[in-house]
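Quick notes on the structure that follows.
Lettering follows sequence order; numbering is per chain, from 1.
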Number of protein chains: 2
Amino acid sequence: MDRIDRSILRELQEDGRLTNLDLAQRIGLSASACMRRVRHLEESGVIQGYRAVIDPEAVGRGFEVLVSIEVRRDRETVEAFEAALQDIPDVIEAYRLFGSPGCLLRIAVADLAAYERLWIERLTSLTGVTEVNSQIIMKRVKEPRGLPVER
Amino acid sequence: MDRIDRSILRELQEDGRLTNLDLAQRIGLSASACMRRVRHLEESGVIQGYRAVIDPEAVGRGFEVLVSIEVRRDRETVEAFEAALQDIPDVIEAYRLFGSPGCLLRIAVADLAAYERLWIERLTSLTGVTEVNSQIIMKRVKEPRGLPVER
DNA sequence: TCTGAAAAGGCACATCC
DNA sequence: GGATGTGCCTTTTCAGA
């Protein structure tokens, strides 16, 4: 993991479909050397995959909500709760936190009505949940552009 | 935007480097028809780009913090504050919310020491900020796998 | 205007140095 | 780390539904 590897990561975060040839050119390496490095980064798990980034509005997911959830803090409850989250596709991200709230979700749905349905049907009925606090997102201030990679 | 387009989006979210041929095969379309659709999705902005997903640990960003920030709520302060966020690379995501807190950040740094430095040097000194509340992430419960796309 | 088929150039990948 | 060659893929153009 040297400066060149980090350049590769920076470029592929910007454009995951760069051809190996273009990539090699940008970082000043021969195509074969470049490909060897990329392959190694992929196989070692540093590059976990490639994804298309799609417009939430276009697929009916333009309404986002942050949900703070308090769960009873014993191992079984927490594990069951976190497993249940995996089965709710509208939950885009989920974090377990120190302190309070114990958990934060980012949810993406079509509109307020869809969120109301989700809230009443699936969120409040999760076992062990003692508190649910929903905050509607007014604006995404900073788009996820991947992680900054030092030079 | 029909069922086939949504299939394309689903596949490209899973694997953004799928070759056009593979993609066409998976969704049951000829290569040229498939490519035309992909191109159209790209040009219309439905597909905003492609990114490599990289392991935060591997680039020294394994320590994540959620930061609730309260800012004075007048237009100038909010705009200056949000502009300032763009210049802090450690801020990975930022949302402006209804209610309280007015803003939530997700921050990725190397470790607690790095976060302390960021907190004292850059966060608390932002103009208009009246409250900063940091919550360390214990665990990422649900990995961002992109948006769910209906069939 | 949608799709499918064929041709040409470019690229990935493996194997060499 | 760099160079070369083969085979496959992307991409364009053209014909049909």
Can you list, by residue number, the residues of residues 3-14 of chain B that have a non-hydrogen atom closer than 4.0 angstrom to DNA chain C?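 Nucleic-acid contacts, sorted: none.
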What residues from residues 18-27 of chain A pass a heavy-atom cutoff of under 4.0 Å to DNA chain C?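 Within residues 18-27 of chain A, the residues near DNA chain C are A:Thr19, A:Asn20, A:Leu21.
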Report yes or no: do A:Leu147 and A:Val46 belong to one cluster of Ile/Leu/Val/Met/Phe/Trp/Tyr joined by side chain heavy-atom distances under 4.5 Å?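 Yes, one cluster joins them.
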Distance-only criterion, 3.5 Å: show the donor-acceptor pairs between side-chain atoms of residues 24-31 of chain A and protein atoms not counting sequence neighbours.
from	atom 1	to	atom 2	distance (Å)
A:Arg26	NH1	A:Glu11	OE1	3.1
A:Ser30	OG	A:Ala33	N	3.3

Select base, sugar-phosphate, or nothing to describe what B:Arg17 touches, counting heavy atoms under 4.0 Å on all strands.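 B:Arg17: no heavy atom of the nucleic acid under 4.0 Å.
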If you count every heavy atom of other residues, nucleotides or ligands that lies below 6.0 Å from A:Arg75 atom CZ, does the total exceed 12?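 Atom CZ in A:Arg75 is not crowded, with 12 or fewer foreign heavy atoms closer than 6.0 Å.
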Answer yes or no: are there more than 12 heavy-atom neighbours, outside B:Arg73 itself, under 6.0 Å from its atom CZ?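 Check passes, neighbour count above 12.
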Stepwise, does the side chain to side chain contact (heavy atoms under 4.5 Å, CB included) test hold for A:Lys139 with B:Glu82? CA-CA 11 Å; A:Lys139 185 185 177 188; B:Glu82 292 180 354; 3.8 Å; yes
Would you kindly give the NE2-to-P distance between A:His40 and C:dC13, to the nearest whole Å?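 Answer to the nearest Å: 17 Å.
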Expressed in angstrom and rounded to an integer, what is the separation of B:Met35 atom CE from C:dG4 atom P?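 Distance, rounded to whole Å: 14 Å.
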In residues 49-60 of chain A, what donor-acceptor pairs under 3.5 Å come from side-chain atoms, sequence neighbours left out?
from	atom 1	to	atom 2	distance (Å)
A:Tyr50	OH	A:Glu42	OE2	2.6
A:Arg51	NE	B:Gln13	O	3.0
A:Asp55	OD1	A:Glu57	N	3.2

Examine distances only and state if a side-chain atom of B:Arg61 and a backbone atom of B:Val109 form a donor-acceptor pair shorter than 3.5 Å.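 Not confirmed, B:Arg61 side chain does not pair with B:Val109 backbone.
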Side-chain donor-acceptor contacts of residues 123-132 of chain B below 3.5 Å, not counting sequence neighbours, with atom names and distances?
from	atom 1	to	atom 2	distance (Å)
B:Thr124	OG1	B:Trp119	O	3.2
B:Thr124	OG1	B:Ile120	O	3.1
B:Ser125	OG	B:Glu121	O	3.0
B:Ser125	OG	B:Arg122	O	3.3
B:Thr130	OG1	B:Glu70	O	3.3

Phosphate OP1/OP2 of C:dC2: any B:Arg37 side-chain N/O under 4.0 Å: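 Checking B:Arg37 against C:dC2: no side-chain N or O falls below 4.0 Å of OP1 or OP2.
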Between B:Arg106 and B:Tyr95, do the side chains contain an N or O donor and an N or O acceptor separated by less than 3.5 Å?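 There is no such pair between these side chains.
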Listed pairs, N/O of protein and of nucleotides 2-4 of chain D, under 3.5 Å:
from	atom 1	to	atom 2	distance (Å)
D:dG2	OP2	A:Ser30	N	3.0
D:dG2	OP2	A:Ser30	OG	3.3
D:dG2	N7	A:Ser32	OG	3.3
D:dG2	N7	A:Arg36	NH2	3.3
D:dG2	O6	A:Arg36	NH2	3.1
D:dA3	N7	A:Ser32	OG	3.2
D:dA3	N6	A:Ser32	OG	3.3

Decide yes or no on side chain to side chain contact (heavy atoms under 4.5 Å, CB included) for A:Ile69 and A:Leu104, but give the supporting numbers first. CA-CA 6 Å; A:Ile69 293 194; A:Leu104 188 92; over 6 Å; no
